[in-house]
Trainee: 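One structure follows; several queries about it will come next.
Below, chain A is the first sequence line, B the second, and so on; all start at residue 1. For the numbers below, each heavy atom of this structure counts, side chains included, while hydrogens, waters and symmetry mates do not.
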Amino acid sequence: MSKTLFDKIWEKHVVKQIEGGPSVLYIDKHFIHEVTSPQAFNGLNKRGIKVFRPQQTVATADHNVPTLNQHLPIKEELSRKQVEALIENCAEHGVELYGLGHPFQGIVHVIGPELGITQPGMTIVCGDSHTSTHGAFGAIAFGIGTSEVEMVLATQCLLQTKPKLMRINVEGELNKGVVSKDIVLYILSKISASGATGYAVEFAGSAIRNLSMEARMTICNMSIEMGARCGLIAPDETTFNYIKGRKFAPQGEAWDKAVAYWKTLFSDGDARFDNEIFLDADDIQPMITYGTNPGMGIGVNDNIPTIETVNETDKSGLTNSLAYMGLKEGTPIKGQKVDYVFIGSCTNSRIEDLRMVASFVKGKKKADDVEVWIVPGSKQVEKQAVEEGIDKVFEAAGFMLRQPGCSACLGMNEDKIPAGKYCISTSNRNFEGRQGPGARTMLASPLTAAAAAITGEVCDVRELMESYEPLAASYEQSVSKLKAQNS
Amino acid sequence: MAKSINIIRSTAIPLKIENVDTDQIIPARFLKATSRDGFGKNLFRDWRYINDDEKQPKQDFILNNKTFSGKILLAGKNFGCGSSREHAAWAIKDAGFDVVVSSFFADIFKNNSLNNFLLPVTVSESFLQKAFTEVEKDPSTEVEVNLEKQTISAAGETETFEINSYKKTCLLNGYDDIDYLLNSKKEIEEFETLVK
């Protein structure tokens, strides 16, 4: 019988099926961080049990850490206690921790892939909704709550109901200045912030296949913003080349065996999906959001929708969103003043993102009244940026390169956008108050964000792109060096 | 945490807003605790207060309106979207709710609620809109949820709702998923041997 990519992975992980209920699903890899794990460890301690398979869990500190002066003790008491609790819990239960100061520390969804922990065919969970990122490797990866973190720590399993399946196909060539973030914001603008709820979404089509691994991660990362349980992309040579040689990638015979299996992971030609969507890459422009959920996006040259053109049930939502954002219906978003630019988060903080921004801003300077924060996804990304001289490009442009963490994506640490200020952000959520109480977030690609940093307003990056030359030359070199250092 | 749920009959609070995300339910800056308790006081924090000041409640926010009270929260479609933070379910439960009624729930929030004996009841959009209208018109309107029969009734209308039979048994009897999984350890170990 023909099967989807999702089916093939799911079926291999069902320990048993409860009649009229969920499946007991085996979890291969479990990532934890300081914010959603302490209560789970408390639960284990109360029951007097230890972590069942500690070698299958990896921890890092990311959500609640400062992005300046990480060598100093964390100033804020509650944050410090939470990070300390993670250190104690990991030590007590024998879980590997890449905490502050460790060369592998970083955002959990950046470090998993970059260390080769994330691999095709796996089931991967984490107490964080953006776990969907790892699906870019052809894995079933999804976010869970703390009770579920406790279940995985205790039994390496979860009770899960199989979701429905959707495939989103994007065919064709991308326009100049359009990158993977624009693809996913475009999909969101078409299907809405709840358009994939209840589904696992496979992304397919030539525009997706032509993306690099890091660009694919950006797409799967934001599948949760459509409400999807997870997002995934069939692994191919791009995937294998990315993983090969990384710290925890299989080696020698094990590598050959793994690749042979990974090559079977695709949706069969006549596999059935509960829903299928087809989009044309050529229709996608650089995107930006104007509202307070990630489905509220438009091309940078488009006008903000008018209340009368939206569905009856969406009218009050749009009215409230625009009031919060201080924007007017029916007016252009282009030219909107920007106060802050945040380039970072598990969506867009990888070396390719930083490299893309550096290529664009080289020789340019930020607008005077804009503050620009670049927050690398991990210590390794930070190190690569320095080795490639990207840090110097940022410095010359007036951009501040900070230290790794989730930072202003969710404003849990000090990195908050002040009330009423506009921030163009490469993160994943423009919810009210997400970047700080009263903060006004506009989501965009690293290129569009960088362009706004230069002009001080929302603009079309393509109009500034004559001098754009990808800094690709040093890329292969820097990746090989990184792999060699870690092996 | 009150365990086991069956019949809940109560007045309701109508939160007539769609796409309520978990950042609104409990903003990230309140996630620094290492226990599960006490999140209720910060439920919908930034919708409840001006400038984060408890002395300045926003009068037009429904949870600040003393006319409405109860153990049932009525909410617009796509409730609980966004972050997977279970703190959202803890906050709602801690604030005294046993049931959230909506026409559509985000997946992770739904699981988190069920794991905390907070019952998410999915109803049709038309039922939800009628319930909003009735409750807003008459705040003493009672809503009754019967888990055993899988029915919800409000203002003379009754609708059935879906829940898988495993989870229903858990909620009726106060069983946790983790107990079930811990009791399945032998099968899990056998599975590990098979796949390795």
Side-chain angles (χ1 to χ4, degrees), chain A residues 12 15-16 18-22 24 26 35-36 38-39 42-43 49 52 63-64 76 78-79 81-82 85 127-129 131 142-148 150-151 154-159 161 163 193-194 197-198 224-225 227 229 293 313-314 316-317 320 410-412 429 431-434 437, chain B residues 16-19 21-24 27-29 31-36 45-47 51-52 76-78 81-90 104-109 111-116 125 129 164-170 176-178 180-182 184-185 187-188 190-192 195:
Chain A
K12 272 199 110 128
V15 175
K16 69 170 168 177
I18 303 172
E19 212 178 311
V24 175
Y26 192 79
V35 176
T36 57
Q39 294 88 349
N42 291 348
I49 53 177
F52 179 51
H63 279 65
N64 206 356
E76 216 264 330
L78 287 174
S79 303
K81 282 191 172 158
Q82 203 171 46
D128 186 282
S129 61
T131 309
F142 55 93
I144 56 176
T146 299
S147 295
E148 292 171 312
E150 186 179 335
M151 292 173 210
T155 68
Q156 207 57 39
C157 285
L158 280 175
L159 290 169
T161 308
S194 58
T197 302
I224 180 68
E225 309 312 333
R229 196 79 185 93
N293 76 54
T313 53
D314 294 335
S316 70
N320 294 338
L410 81 166
M412 239 193 116
R429 290 185 174 137
F431 297 151
E432 283 182 30
R434 170 82 177 179
Chain B
K16 207 174 172 183
I17 302 175
E18 294 182 350
N19 298 310
D21 59 78
T22 53
D23 274 84
Q24 307 317 317
R29 61 186 188 280
L31 308 186
K32 299 185 184 195
T34 53
S35 78
R36 288 169 176 250
R45 178 84 189 189
D46 292 334
W47 283 352
N51 296 330
D52 206 13
K77 74 171 181 205
N78 199 26
C81 59
S83 157
S84 62
R85 61 190 69 165
E86 193 164 315
H87 313 66
W90 299 338
F104 202 90
F105 287 96
D107 279 341
I108 305 178
F109 177 79
N111 279 347
N112 286 342
S113 299
L114 290 167
N115 284 330
N116 288 283
E125 190 62 41
Q129 292 308 325
N164 74 55
S165 59
Y166 162 82
K167 207 65 225 187
K168 181 169 154 181
T169 310
C170 287
D176 282 325
D177 280 2
I178 191 160
Y180 183 91
L181 288 169
L182 285 167
S184 307
K185 267 251 176 94
E187 286 154 293
I188 296 167
E190 281 167 10
F191 175 87
E192 286 180 320
V195 294

Trainee: Do A:Ile49 and B:Leu182 come close enough that some side-chain heavy atom pair is under 4.5 Å?
Mentor: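 Yes, close enough: below the 4.5 Å cut-off.
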Trainee: Any donor-acceptor pair under 3.5 Å linking the side chain of A:Glu432 with the backbone of B:Gln24?
Mentor: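 It does not hold such a pair.
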Trainee: With only heavy atoms counted, which part of A:Ala85 is less than 4.5 Å from chain B, the side chain, the backbone, both or neither?
Mentor: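 It is the side chain, since no backbone atom gets that close.
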Trainee: Taking side chain as everything from C-beta outward and backbone as N, CA, C, O, which of these in B:Tyr180 sits under 4.5 Å from a heavy atom of chain A? Side chain, backbone, both or neither.
Mentor: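 Only the side chain of B:Tyr180 comes within 4.5 Å of chain A.
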Trainee: A:Leu158 versus chain B, heavy atoms under 4.5 Å apart: side chain, backbone, both or neither?
Mentor: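 Backbone of A:Leu158 only, per the 4.5 Å heavy-atom cut-off to chain B.
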Trainee: In Å and rounded to the nearest 0.5 Å, what is the CD to CG distance from B:Glu18 to A:Asn320?
Mentor: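 Rounded to the nearest 0.5 Å, the CD-CG separation comes out at 10.5 Å.
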Trainee: Which atoms of B:Asn112 come close to chain A, meaning under 4.5 Å heavy atom to heavy atom: side chain ones, backbone ones, both, or neither?
Mentor: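 Side chain only.
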Trainee: When only pairs under 4.5 Å are counted, which of A:Ala193, A:Gly227, A:Gly198 shares the most heavy-atom pairs with chain B?
Mentor: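 Going by pairs under 4.5 Å, I would pick A:Gly198.
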Trainee: By a 4.5 Å heavy-atom criterion (distance strictly below it), what part of A:Arg229 contacts chain B: side chain, backbone, both, or neither?
Mentor: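 A:Arg229 touches chain B through backbone and side-chain heavy atoms alike.
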Trainee: Side chain, backbone, both or neither: which part of A:Phe52 has an atom under 4.5 Å from a heavy atom of chain B?
Mentor: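 The side chain, not the backbone.
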Trainee: Check whether B:Glu86 reaches the backbone of A:Ser147 with its side chain - one donor and one acceptor, N or O, closer than 3.5 Å.
Mentor: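 Checking the backbone N and O of A:Ser147 against the side chain of B:Glu86, a donor-acceptor pair under 3.5 Å is found.
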Trainee: Side chains of B:Asp52 and A:Pro437, heavy atoms from C-beta outward: is any pair under 4.5 Å?
Mentor: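 Side-chain contact under 4.5 Å: no.
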Trainee: Do B:Ile108 and A:Ile224 pass the side chain to side chain contact (heavy atoms under 4.5 Å, CB included) test, and can you show the C-alpha distance, the side-chain angles, and the key distance before you say yes or no?
Mentor: CA-CA 10 Å; B:Ile108 305 178; A:Ile224 180 68; 3.9 Å; yes
Trainee: With a 4.5 angstrom heavy-atom cut-off, is it the side chain or the backbone of A:Leu410 that approaches chain B, or both, or neither?
Mentor: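 Its backbone and side chain both get close to chain B.
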Trainee: Any donor and acceptor pair, going by atom type alone, linking the side chain of A:Ser194 with main-chain N or O of B:Asn78 inside 3.5 Å?
Mentor: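 The answer is no, because no donor-acceptor pair under 3.5 Å joins these two groups.
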Trainee: Is any side-chain heavy atom of A:Pro22 less than 4.5 Å from a side-chain heavy atom of B:Asn164?
Mentor: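 SC-SC contact between A:Pro22 and B:Asn164 confirmed.
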Trainee: Please classify the contact between A:Thr161 and chain B as side chain, backbone, both or neither, with a heavy-atom cut-off of under 4.5 Å.
Mentor: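 Interface part for A:Thr161: side chain.
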Trainee: Might you work through the side chain to side chain contact (heavy atoms under 4.5 Å, CB included) test for B:Asp176 and A:Glu150, ending with a clear yes or no?
Mentor: CA-CA 12 Å; B:Asp176 282 325; A:Glu150 186 179 335; over 6 Å; no
Trainee: Please tell me if the side chains of A:Asn293 and B:Asp21 come closer than 4.5 Å, counting only heavy atoms from C-beta onward.
Mentor: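 Contact flag for A:Asn293/B:Asp21 side chains = no.
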Trainee: With a 4.5 angstrom heavy-atom cut-off, which part of B:Lys168 approaches chain A: side chain, backbone, both or neither?
Mentor: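 Neither part.
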Trainee: Can you list the steps and then say if A:Asp128 with B:Arg85 is a side chain to side chain contact (heavy atoms under 4.5 Å, CB included)?
Mentor: CA-CA 7 Å; A:Asp128 186 282; B:Arg85 61 190 69 165; over 6 Å; no
Trainee: So which residue, A:Ser129, A:Gly127, A:Pro38, ends up with the most heavy-atom pairs under 4.5 Å with chain B?
Mentor: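 If we count pairs closer than 4.5 Å to chain B, A:Ser129 comes out on top.
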Trainee: What part of A:Glu19 is in contact with chain B, defined as an atom under 4.5 angstrom from a non-hydrogen atom: side chain, backbone, both or neither?
Mentor: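 Backbone of A:Glu19 only, per the 4.5 Å heavy-atom cut-off to chain B.
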Trainee: Which one of A:Thr36, A:Val15, A:Asn64 has the most heavy-atom pairs closer than 4.5 Å to chain B?
Mentor: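 Heavy-atom pair counts peak at A:Val15.
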Trainee: Would you check if the side chain of B:Lys32 reaches a backbone N or O of A:Met412 as a donor-acceptor pair within less than 3.5 Å?
Mentor: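 Answer holds: yes.
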Trainee: Evaluate A:Tyr26 against B:Val195 for side chain to side chain contact (heavy atoms under 4.5 Å, CB included), listing each step before the verdict.
Mentor: CA-CA 11 Å; A:Tyr26 192 79; B:Val195 294; 5.8 Å; no
Trainee: Would you check if the side chain of A:Asn42 reaches a backbone N or O of B:Thr34 as a donor-acceptor pair within less than 3.5 Å?
Mentor: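 Yes, the answer is positive, given that a donor and an acceptor are paired below the 3.5 Å cut-off.
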Trainee: What part of B:Glu190 lies closer than 4.5 angstrom to a heavy atom of chain A: side chain, backbone, both or neither?
Mentor: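 Neither; nothing under 4.5 Å.
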